[in-house]
**Student:** 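Okay, handing you the structure first.
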Amino acid sequence: MDNKENRKEELYSQAIPAGKRRYFFDVKETRGGDKFITITESRKLFDNNTGEVYFEKNKMFLYKEDFEKFKQGLDNAFSFIETGIVPPPVVVEEEYFRPEDTDSKLNEINFKF
């Protein structure tokens, strides 16, 4: 299998210019046929030491099973900005990661050196 077959196939792409930033929304498909979105923020920056312009990129992968939760969270953030009213939290049936559990679990670990 060559590198081309290993890559995730891009099905759709849209770039949104926003000043010194550009946002890319790309829909890709895995070899297994699952679709997902990559959201990339590209920022144009200037290096004062070298005098060169370069681009800093930050990428996020959003998988199909998380689309609705992500959309609800984004809608909540937009709503708060527009109204100043804190919306109810996104309800999640099964939570895989809760940051508040991290500290308590670390406190239970017995570190012996």
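Computed from a predicted structure; not experimentally measured.
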**Student:** Between Y12 and Q14, is any side-chain donor less than 3.5 angstrom from a side-chain acceptor?
**Tutor:**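 A donor-acceptor contact under 3.5 Å links the two side chains.
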**Student:** Using 0.5 Å steps for rounding, measure from the OG1 atom of T30 to the CZ atom of F36.
**Tutor:**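 Output value for this atom pair is 7.0 Å.
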**Student:** Looking only at heavy atoms, what is the nearest atom pair of F46 and G51, with distance?
**Tutor:**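 That would be CE1-O, 3.3 Å.
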**Student:** With respect to E68, which candidate in Q72, K64, K71 satisfies the side-chain hydrogen bond (donor to acceptor under 3.5 Å, both in side chains) definition?
**Tutor:**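 One option only clears the test, and that one is Q72.
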**Student:** Let me confirm one number: the CZ-NZ distance from R22 to K57, rounded to the nearest 0.5 Å.
**Tutor:**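 Going from CZ on R22 over to NZ on K57, the span is 10.5 Å.
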**Student:** Could you state whether I81 and Y23 fall into the same hydrophobic cluster, counting links through intermediate Ile, Leu, Val, Met, Phe, Trp or Tyr residues with side-chain heavy atoms under 4.5 angstrom apart?
**Tutor:**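 In one cluster: no.
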**Student:** Heavy atoms, side chains only, cut-off 4.5 Å: are Y63 and D34 in contact?
**Tutor:**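 Contact flag for Y63/D34 side chains = no.
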**Student:** Spell out, yes or no, whether V27 and F67 are grouped together once hydrophobic residues are joined by side-chain heavy atoms under 4.5 Å, including indirect joins.
**Tutor:**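 Linked within one cluster.
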**Student:** How far does CD of E10 sit from NZ of K28, to the nearest 0.5 angstrom?
**Tutor:**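 Going from the CD atom of E10 to the NZ atom of K28 covers 5.5 Å.
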**Student:** Establish whether F55 and I16 are linked, either directly or via other cluster members, by ILVMFWY side-chain heavy-atom contacts under 4.5 Å.
**Tutor:**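 In one cluster with F55: I16, no.
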**Student:** Working to the nearest 0.5 Å, report the span between OH of Y54 and CZ of R43.
**Tutor:**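 The distance works out to 8.0 Å.
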**Student:** Just verifying a value: how many Å separate I39 CD1 and M60 CE, rounded to the nearest 0.5 Å?
**Tutor:**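 The CE atom of M60 is 3.5 Å from CD1 of I39, to the nearest 0.5 Å.
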**Student:** Would you give the length of the straight line joining atom CZ of F61 to atom CD1 of I37, rounded to the nearest 0.5 angstrom?
**Tutor:**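 Between atom CZ of F61 and atom CD1 of I37 there are 12.5 Å.
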**Student:** Decide whether L74 and F25 are clustered together by the hydrophobic rule: side chain heavy atoms of Ile, Leu, Val, Met, Phe, Trp, Tyr closer than 4.5 Å, transitively.
**Tutor:**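 Yes, one cluster joins them.
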**Student:** Between P87 and F80, what is the shortest heavy-atom contact and its length?
**Tutor:**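 In terms of heavy atoms, the two residues are closest at CD-CB, 4.2 Å.
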**Student:** Take atom CZ in F78; do more than 12 heavy atoms of anything else shown fall under 6.0 Å from it?
**Tutor:**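 Check fails, neighbour count at 12 or below.
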